[in-house]
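Contents: one structure, followed by commentary.
In what follows, chains carry the letters A, B, and so on, assigned in the order in which the sequence lines appear, proteins first and then strands, with residues in each chain numbered from 1.
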Number of protein chains: 2
Amino acid sequence: MQLSETQMKFIRRWGDMGTRWGIPRSTAMLHGLLYVAQAPLAAEEMCELLQLARSNVSTSLKELEGYNLVYRESRPGDRRSFYRAEADVWEMARRILEERRRRETAGAVQAVEECLAAAQQEGDTHTAGRMLAMQELLQSAETVATAAQRYNTSVFRRAAMMGSKLLALISKL
Amino acid sequence: MQLSETQMKFIRRWGDMGTRWGIPRSTAMLHGLLYVAQAPLAAEEMCELLQLARSNVSTSLKELEGYNLVYRESRPGDRRSFYRAEADVWEMARRILEERRRRETAGAVQAVEECLAAAQQEGDTHTAGRMLAMQELLQSAETVATAAQRYNTSVFRRAAMMGSKLLALISKL
DNA sequence: GACAAATTTCTGAAATTTCAGAAAATAGGC
DNA sequence: GCCTATTTTCTGAAATTTCAGAAATTTGTC
């Protein structure tokens, strides 16, 4: 495989975006590479295309598999693994959302729960009130994010595209 | 002001959450402190309560002001500034959403736009197709996030709480 | 089961980020 | 307009994160 200049540019930009999202540059670049690749790639190939250490590619691919953003395939008569990215961007978004929910909000819910209990125990109504408000927010976020997982790409897509209209509708209730 | 054990625990946990969200621990802790504080605090006070350098507090507060998550107030006969956090958690969520949109997706939209143009120029239909799909996704996200900014807390709150029901509804369309 | 190809884990170096202390700038009261 | 309390900016040290190279492990083939 050969990368066109445009593809390389996208991959670099995607890597930059990754760093803002808390994803290592090389991990994001690998995802970008697989997203624009026409066929599944072997790890060694990716090393050469992006000039990354083999170890780095290995670790990053594992991370991406954890997000369910890349799949690993094997081929008869070839002992290497080949990787390809989730091609459906809506499915991709859903999986990122789910992973972020798990990592970013799930922990907070538990922390606030504990602090709420402690504040009530102590009879500290002010702090308890704040914890309660925060809990309501976090639980709503969890509920929406969890619900989104239950539906398929087309529903998710329509929901996102209708989002702004729905907000307008709700504002009239 | 004196911090109870529960409050301190919340602040520490909030700081931990911050690091997962790409926010420096000390910045997140300051926000947590102001969120549980009953009255506005002066910077010096926060240094003592959280054992942070004055410079650090100054920089972090500025960052939080950038997010519109804390307000600065002045008092007659006192030349210090006092700070308080946005108390409405839904308003808080909205502001975080807006800031993340600005920092995290706005740049991506532009990058993909450029790559799409380049791919079409080159007649690379495969890459162009991928860019187009990505563009649709990013623009939908932008649209929803932008729309959310137009409505007040109560609409935002209702929308979030109804989110899962709306998804169920849409799945039937 | 030995061998080789491929992958993963381990270790430390390089880069980045966070944060404290010192110096500079700003602002309010007299 | 000067003086001083307060805030901000600058600088570098400490901590963390990212990533390459080497070593160890796994996997499939014969």
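Sorted by residue number, the members of residues 9-34 of chain B with any non-hydrogen atom under 4.0 Å from DNA chain C read B/P24, B/R25, B/S26.
Listed by chain and residue number, nothing satisfies the side-chain hydrogen bond (donor to acceptor under 3.5 Å, both in side chains) test with B/R20 (two or more places apart in sequence, or in another chain). For A/T153, the side-chain hydrogen bond (donor to acceptor under 3.5 Å, both in side chains) partners are A/D88, A/E91, not counting sequence neighbours.
The shortest distance between the side-chain N/O atoms of B/K62 and the OP1/OP2 oxygens of D/dT7 is not below 4.0 Å.
Here B/S60 contributes atom OG and B/Y83 contributes atom OH; the two are 11.0 Å apart, rounded to the nearest 0.5 Å. Rounded to the nearest 0.5 Å, atoms NE2 (A/H31) and CE (A/M92) are 5.0 Å apart.
The two residues B/A118 and A/T6 come nearest to each other via the heavy atoms CB-OG1, 3.5 Å. Between A/G15 and A/M29 the shortest heavy-atom distance is CA-CG, 3.7 Å. Considering all non-hydrogen atoms of both residues, A/E142 and A/T146 come closest at O-OG1, 2.6 Å. Across all their heavy atoms, A/R95 and A/N68 have their closest contact at NH1-O, 2.8 Å.
Direction change of the helix axis from one end of the helix from C/dG1-D/dC30 to C/dC30-D/dG1 to the other is 30°, with five pairs defining each end axis (rounded to 10°).
Between A/N56 and A/G77, the residue anchored closer to the 5' end of DNA chain D is A/N56, taking for each the nucleotide with the nearest heavy atom.
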Polar atom pairs (N or O), protein with nucleotides 2-7 of chain C, under 3.5 Å:
| residue | atom | partner | partner atom | Å |
| --- | --- | --- | --- | --- |
| C/dA4 | N3 | A/R79 | NH1 | 3.3 |
| C/dA5 | O4' | A/R79 | NH1 | 3.1 |
| C/dA5 | N3 | A/R79 | NH1 | 3.4 |
| C/dT7 | OP1 | A/S81 | N | 2.9 |
| C/dT7 | OP2 | A/R54 | NH2 | 2.7 |
| C/dT7 | O5' | A/R54 | NH2 | 3.2 |

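Rounded to whole angstrom, the span from the CD atom of A/E48 across to the C1' atom of D/dA20 amounts to 16 Å. In this structure, CG of A/L61 is placed 14 Å from C1' of D/dC19, rounded to the nearest angstrom. In this structure, CG of B/L52 is placed 18 Å from P of D/dA14, rounded to the nearest angstrom. Note: CZ (B/R75) to C1' (C/dG29) measures 19 Å, nearest angstrom.
Other residues, nucleotides and ligands place no more than 12 heavy atoms under 6.0 Å from the CD atom of A/E5.
Evaluated for a side chain to side chain contact (heavy atoms under 4.5 Å, CB included) with A/L64, the options A/T59, A/I23, A/V70 yield exactly one hit, A/V70.
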In a table with atom names and distances, give each donor-acceptor pair under 3.5 Å that connects a side chain of residues 130-140 of chain A to protein atoms at least two apart or in another chain.
| residue | atom | partner | partner atom | Å |
| --- | --- | --- | --- | --- |
| A/R130 | NH1 | B/Y35 | O | 2.4 |
| A/Q135 | NE2 | A/E113 | OE1 | 2.7 |
| A/E136 | OE2 | B/R157 | NE | 3.0 |
| A/E136 | OE2 | B/R157 | NH2 | 2.5 |
| A/S140 | OG | A/E136 | O | 2.9 |

